[in-house]
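The structure appears right after this line, and notes come after that.
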Amino acid sequence: MVFVNSLRLLFSNWGKALKFFLYYVVIWGICVALFLPAIFEFKSILSASLNDLADCFAGVFKGSLGQNLHSLIGTVADFVVDIFNANTGIAIYGLIIVFVVLPFLINIGKYTLDFMLYSYMTSKNQIGFFSALVKNLKNSSLFALCKIVYNIVFLAITAFAVFGLAQVKDTSFISYGLPILELFVVTFLFAINQILVLGWTPALIVFDCGVVKAFSKGVKAVRRHFWKYFGVTFGYFLIFWVLITVFGVYTMTVLVPLMTILLAVMDMTVFFTSQGMRFYVNDTQILTPKKLEEVDNINKTAFIL
């Protein structure tokens with residue numbers, strides 16, 4: 001039901017999702033423009049690695065999947081080492097754009113989308129994206145900064161796991177075991193990560209508390225139904241990574257913003273459900289948890305008596 005209710009909420013708020021998508025595209029455009037000095041500085045290294053990267057990004061339909069994946073991991077590692085050796089300052093600048101500026105701005109937009117959904121879910125109140133962005137800029141900025149620190153730790157763990165598995169040189173393992181293990185490990189880590197942060201933004205918005213306290217409240221909110229929500233989230237990421245593995249890394253340009261929107265809607269749906277709160281999924285339907293239905297029935301009976 002989480003998936004179905006999330007889709008209902010998404011379809012009834014497609015305009016808000018579209019505004020976030022446009023915001024997402026604009027932010028990526030800005031960050032690409034900021035990243036241009038790094039591209040110009042390392043264009044010779046990029047050119048040297050371009051053919052290898054293109055073959056690795058081709059997906060399962062070009063060559064061995066395991067060999068492509070192993071080559072991709074090795075090429076990325078070599079590329080990072082080469083750019084730091086060429087110009088450490090510009091390399092650090094590029095990493096700041098990718099891992100600080102970009103996620104900071106994206107998380108501000110995600111917070112804004114969740115706030116718009118909150119307004120709709122509680123009272124069907126329609127609020128503009130820009131108005132919600134400005135109104136919540138202080139809270140969303142603090143959240144985005146904390147999320148950057150959290151994401152860096154998570155990405156470091158994920159990178160360690162991915163590159164660690166790629167160190168195995170056995171040909172049979174690379175051809176058959178590496179794609180399966182990498183897919184499982186990355187999907188598992190991303191699902192666990194999403195479960196941990198699932199209630200973070202909703203708790204900030206609903207309870208208007210501190211960032212650390214909101215994180216704690218968010219974890220407690222989903223802990224009671226951990227395996228249920230983990231299964232749904234694992235399924236999302238499994239489909240996501242399978243599509244990228246099969247059709248190539250280029251599909252991320254479409255899948256990443258769509259996945260971000262879907263997860264933002266799911267976050268709000270799961271949090272409201274776990275907190276036992278009524279909420280609108282569309283203009284005519286209000287979801288009421290079973291406990292509230294029982295309370296309503298008792299109150300109606302008491303009123304009749």
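Keep in mind that the numbers below use all heavy atoms, side chains included, and drop hydrogens, waters and symmetry copies.
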If you group Ile, Leu, Val, Met, Phe, Trp and Tyr by side-chain heavy-atom gaps below 4.5 Å, do V168 and F160 land in one group? no
Over 12 foreign heavy atoms within 6.0 Å of NZ, K220: no
In terms of hydrophobic clusters joined by side-chain contacts under 4.5 Å, are V76 and I39 together? yes
Please tabulate, for the side chains in residues 180-193, all donor-acceptor contacts under 3.5 angstrom to protein atoms that are two or more places apart in sequence or on a different chain.
| residue | atom | partner | partner atom | Å |
| --- | --- | --- | --- | --- |
| T187 | OG1 | L183 | O | 2.6 |
| N193 | OD1 | Y150 | OH | 2.9 |

Evaluation steps, side chain to side chain contact (heavy atoms under 4.5 Å, CB included), between S12 and Y280: CA-CA 10 Å; S12 59; Y280 288 95; over 6 Å; no
Roughly how far, to the nearest 0.5 Å, is CZ of F143 from CG of L204? 6.5 Å
For F163 versus A77, what's the shortest heavy-atom pair and its separation? CE2-CB, 3.7 Å
Find the distance between CZ (F272) and CE (M121) and round it off to the nearest 0.5 Å. 4.5 Å
Go through the structure and list residues passing ring-ring contact (aromatic ring centres under 6.0 Å, His included) with F42, not counting sequence neighbours. none
Kindly indicate, with the supporting measurements, whether the criterion side chain to side chain contact (heavy atoms under 4.5 Å, CB included) is fulfilled by V206 and M277. CA-CA 11 Å; V206 173; M277 300 169 64; 4.1 Å; yes
I'd like to know whether NZ of K138 has more than 12 heavy-atom contacts from other residues, nucleotides or ligands below 6.0 angstrom. no
Quick one: NZ on K135 to OG on S140, what's the gap to the nearest 0.5 Å? 12.5 Å
So the salt bridge (Lys or Arg N to Asp or Glu O under 4.0 Å) pairs with at least one residue in residues 26-39 (sequence neighbours excluded) are none
Quick check: is L137 connected to V134 through a chain of hydrophobic side chains (ILVMFWY, heavy atoms under 4.5 Å apart)? no
Side chain of D170, backbone of F173: donor and acceptor closer than 3.5 Å? yes
Between S141 and L145, is the side chain to side chain contact (heavy atoms under 4.5 Å, CB included) condition met? List the steps. CA-CA 6 Å; S141 297; L145 287 172; 5.5 Å; no
Search all heavy atoms of A221 against all heavy atoms of S274 and return the closest pair with its distance. O-CB, 3.0 Å
Can you tell me if CZ on F154 sees more than 12 non-hydrogen neighbours from other groups inside 6.0 Å? yes
Which residue in the set V256, I261, L258 passes side-chain contact (heavy atoms from CB on, under 4.5 Å) when paired with Y24? V256
Mind checking whether F130 and L18 sit in one hydrophobic cluster, side chains of I, L, V, M, F, W, Y counted as touching below 4.5 Å? no
For residues 85-92, run the donor-acceptor check on the side chains, cut-off 3.5 Å, and write out each pair with its distance to 0.1 Å, sequence neighbours left out.
| residue | atom | partner | partner atom | Å |
| --- | --- | --- | --- | --- |
| N85 | ND2 | V81 | O | 3.2 |
| N87 | OD1 | G89 | N | 3.3 |
| N87 | OD1 | I90 | N | 3.1 |
| N87 | ND2 | E41 | OE2 | 3.3 |
| T88 | OG1 | F84 | O | 2.9 |

Check side chain to side chain donor-acceptor pair (under 3.5 Å) between W14 and all other residues, then give those that pass, not counting sequence neighbours. none
If the condition is side chain to side chain donor-acceptor pair (under 3.5 Å), which residues does S123 pass it with, not counting sequence neighbours? none
For residues 93-112, which side-chain donor-acceptor pairs fall under 3.5 Å, sequence neighbours excluded?
| residue | atom | partner | partner atom | Å |
| --- | --- | --- | --- | --- |
| Y93 | OH | L34 | O | 2.5 |
| N107 | ND2 | P103 | O | 2.9 |
| K110 | NZ | D267 | OD2 | 3.2 |
| T112 | OG1 | I108 | O | 2.8 |

Side chain to side chain donor-acceptor pair (under 3.5 Å) partners of Y236, counting only residues at least two apart: none
Of all heavy-atom pairs linking L165 and L178, the shortest is O-CD1, 3.8 Å
Report the residues that fulfil side chain to side chain donor-acceptor pair (under 3.5 Å) with K147, sequence neighbours left out, ordered by chain and then residue number. none
Residues C209 and A203: closest non-hydrogen pair is SG-O, 4.0 Å
Under the ring-ring contact (aromatic ring centres under 6.0 Å, His included) test, residues paired with Y118 that sit two or more places apart: none
I'd like to know whether F20 forms a side chain to side chain contact (heavy atoms under 4.5 Å, CB included) with M116, so could you lay out the CA-CA distance, the side-chain angles of the two residues, the decisive distance to 0.1 Å, and finally the verdict. CA-CA 10 Å; F20 173 76; M116 295 167 68; over 6 Å; no
Where A264 and L117 come nearest, the two heavy atoms and their spacing: O-CD1, 4.3 Å
State, with a plain yes or no, whether a side-chain heavy atom of F279 is found less than 4.5 Å away from one of T273. yes
Here the gap from M268 atom CE to L10 atom CG, rounded to the nearest 0.5 Å, amounts to 13.5 Å
Only counting residues at least two apart or in another chain, list the ones meeting ring-ring contact (aromatic ring centres under 6.0 Å, His included) with Y23. F129
Do the side chains of F237 and M259 get nearer than 4.5 Å, heavy atoms only? yes
Hey, could you give me the OG1/CG distance between T269 and L9, rounded to the nearest 0.5 Å? 4.5 Å
With sequence neighbours excluded, tell me which residues meet side-chain contact (heavy atoms from CB on, under 4.5 Å) with T171. Q67, S175
Row check, F207 ring normal vs K217 NZ/CZ: under 6.0 Å, within 45°: yes
Within one Ile-Leu-Val-Met-Phe-Trp-Tyr cluster: V222 and W227, side-chain cutoff 4.5 Å: yes
Distance-only side-chain donor-acceptor flag, Y120 / D283, under 3.5 Å: yes
Less than 4.5 Å apart, side chain to side chain, heavy atoms only: is that true for C146 and W200? yes
Validation row: N282, F11 side chains within 4.5 angstrom (heavy atoms): no
For residues M266 and T233, determine if any side-chain heavy atom of one lies less than 4.5 Å from a side-chain heavy atom of the other. yes
Specify the closest pair of heavy atoms between L255 and F240, including all atoms of both residues, with the distance to one decimal. CB-CE1, 3.6 Å
Rounded at 0.5 Å granularity, tell me how far OG1 in T201 sits from CG in N139. 11.5 Å
